[in-house]
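First comes the structure, then the notes that go with it.
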Amino acid sequence: MNFADSEIVASILTKADYEVTKDISDADYILINTCAIRDNAEQRIRKRLHELKALQRQRQWVKIGILGCMAERLQKQLMEEEDNVSFIVGPDAYRKLPEMLQNINGDEKLAETLLSTTETYADIEPVRYDSNGITAYISIMRGCQNYCAYCVVPYTRGRERSRDPQTIVNEARELFEKGYREVTLLGQNVNSYRWQCDGGEVEFPLLMARVAEVSPLLRVRFATSHPKDLSDDLLQVMAQYDNICKCIHLPVQSGSERMLKLMNRHYTPEWYLNRIEAIRKYLPECSITTDVIAGFCTETEEDHQDTLEMFRKVRYDYAYMFKFSMRPNTYAAKHLSDDVPDVVKTRRLEEIIALQGQIALENNQKEIDRTYEVLIEGVSHRSEQQLFGRNSQNKVIVFDRGELQPGQYTTVRVTRCTSATLIGEVVDNK
Ligand code: SAH
Ligand code: SF4
């Protein structure tokens, strides 16, 4: 999501005659887009700001701005604490940037952090600036109002709002015409995408269908679905279109009923497993990935065992695994105590990581001898002679280059694997 936002910022500033540079020592303004989701994300930014002081000593006119969630969360306090920050801009105020850069002189400090109920940057065509030219993100909605007890997003990104579907379809079409072959539709909870206008209502399954119809050669992915809203309608639409990728990211957060309630997730483990069953029924080939938090407030050993059990039952293909980090202002910060000792959080996280590593390896071993259509994304980091791409399930496959080029589809048979990568051979070149 942050990456998509940086592309919007680049577009707004490019239109105002600023240029993006890849060489930081050439920059007059340094904009740092930030995340506030866990404390360590914020600590990394503070470290980076400190490192940038050396550069600022040599180029004293350089101004540093902090964009995004950390700016929104800390407001002006951030500029008081970090003396080399000249301006801060929250996620809904990026249109103000050109004016701010014009007005910023000398030691003056500027802040724009007003949240909006309507801003979706729908009319802004993002500049794809660090792009492989093949895969791109399209932001389809902003904000979140689910108020999970641990999460800072509703406070830093504001109310949920959906973007005009026509602008989304147009953006997908333009990307396809420029040679892109995959788009990922982004939102904090894409299942609650809803656009109402005189002609009726567009919900997420219909939006997916419309984007998929841009071309059968354009793959469509999405993230993230909240389990409470994952509908059979969406699964049916996914089954109907070959180019809608068969991969669902369904963050579970915990396998314990008590924890899920305390987290305000609005589902039980039973409900979650029912959704997994529905995915397996409609989309037998679908891969499933998740997010999980170890050591949320009051989590007991039994709750943790429930999470491990959930992982054994679902057998995720991939998981983003986090240690709970208390965030100021959230429900947890106001009403609960961060009472799981850090060593215990770490140990539980390590147990989840070890289990997931084993499951991912076993899942990948089952892929051996299967054949997949792969969209080639680039040259393998390990060898110039190899390419890599992804199958519909979002698994990375590496194979010998031959005459193939990034951006093409090819068919690959899996011959070997690690827990993270499949290795294969091309069986047919379309
Ligand atoms: N909207 C998405 C997730 C957005 S944040 C969803 O609801 O699924 C990405 C992930 O960060 C979350 O799924 C959660 O696992 C993790 N996360 C959020 N707040 C956290 C916190 N305070 N500590 C640790 N992990 C957190
Ligand atoms: Fe945060 Fe929950 Fe919203 Fe996801 S759904 S962004 S975890 S509040």
Side-chain angles (χ1 to χ4, degrees), residues 2-4 6-7 10 20-25 44 127-137 175-176 178-184 186 215-221 223 242-243 245-249 285-290 315-321 353-430:
N2 261 6
F3 188 70
S6 295
E7 294 185 329
V20 176
T21 173
K22 288 200 168 180
D23 179 2
I24 196 160
S25 61
R44 275 202 304 275
V127 169
R128 309 287 166 181
Y129 72 91
D130 200 13
S131 159
N132 58 8
I134 298 158
T135 58
Y137 293 111
L175 284 165
F176 181 72
K178 285 183 188 149
Y180 285 79
R181 290 295 173 264
E182 184 179 295
V183 291
T184 304
L186 287 182
S215 165
L217 289 177
L218 182 70
R219 280 182 169 182
V220 189
R221 300 188 186 279
D242 284 345
N243 57 329
C245 291
K246 305 300 180 273
C247 173
I248 296 184
H249 185 61
E285 304 284 286
C286 195
S287 64
I288 301 176
T289 63
T290 202
R315 301 188 59 78
Y316 297 107
D317 293 285
Y318 188 83
Y320 296 92
M321 296 162 278
I353 292 172
L355 173 62
Q356 178 52 31
Q358 180 63 29
I359 292 171
L361 180 64
E362 286 165 13
N363 283 355
N364 277 356
Q365 281 163 345
K366 287 195 197 131
E367 304 283 12
I368 291 173
D369 276 342
R370 290 187 188 153
T371 299
Y372 288 107
E373 182 175 72
V374 171
L375 172 60
I376 307 172
E377 287 183 27
V379 177
S380 156
H381 307 300
R382 293 246 172 103
S383 155
E384 279 280 306
Q385 299 314 310
Q386 289 192 314
L387 295 172
F388 77 95
R390 282 166 209 268
N391 62 7
S392 172
Q393 288 72 8
N394 211 22
K395 290 197 177 176
V396 173
I397 307 190
V398 176
F399 49 92
D400 283 344
R401 185 169 198 159
E403 300 297 306
L404 294 162
Q405 295 296 332
Q408 291 178 330
Y409 286 99
T410 189
T411 309
V412 176
R413 188 176 67 87
V414 179
T415 52
R416 286 181 299 131
C417 73
T418 67
S419 65
T421 313
L422 304 176
I423 299 119
E425 56 190 26
V426 173
V427 292
D428 167 38
N429 188 10
K430 283 185 195 168

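This structure is a prediction, so every number in the text was calculated from the model and none was measured.
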Does [X] use its side chain to pair, donor to acceptor, with the backbone of [Y] at less than 3.5 Å?
X: T411; Y: V427; answer: no
X: E425; Y: T415; answer: no
X: N363; Y: R315; answer: yes
X: N243; Y: S215; answer: yes

List for me each residue that meets side-chain contact (heavy atoms from CB on, under 4.5 Å) alongside Q365, sequence neighbours excluded, and say none if there are none.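 By the side-chain contact (heavy atoms from CB on, under 4.5 Å) rule, Q365 matches L361, E362, C417.
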
The criterion is side-chain contact (heavy atoms from CB on, under 4.5 Å); which residues satisfy it with D23, sequence neighbours excluded?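 D23: side-chain contact (heavy atoms from CB on, under 4.5 Å) contacts with T21, S25, D26.
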
Ignoring hydrogens, what is the shortest heavy-atom contact between S419 and G357? Give both atom names and the distance.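 So the two residues come closest at CB-O, 3.8 Å.
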
On a heavy-atom basis, which atom in G424 and which in F399 lie closest, and how many Å separate them?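 Reported closest heavy-atom pair: O-CB, 3.3 Å.
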
Mind checking what makes salt bridge (Lys or Arg N to Asp or Glu O under 4.0 Å) contact with [X], not counting sequence neighbours?
X: R219; value: E182
X: R128; value: E7, E171
X: K178; value: E125

Working to the nearest 0.5 Å, report the span between OH of Y180 and CG of L375.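 Between Y180 OH and L375 CG, I get 12.5 Å after rounding to 0.5 Å.
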
Once rounded to the nearest 0.5 Å, what's the spacing between atom CD of Q408 and atom CD1 of I376?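 Answer for the CD-CD1 pair, Q408 versus I376, is 5.5 Å.
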
Would you mind listing every salt bridge (charged side-chain N to carboxylate O under 4.0 Å, His left out) that reaches into residues 378-399, with sequence neighbours excluded?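 Listed once each, the pairs are D317-K395, E367-K395, E377-R390.
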
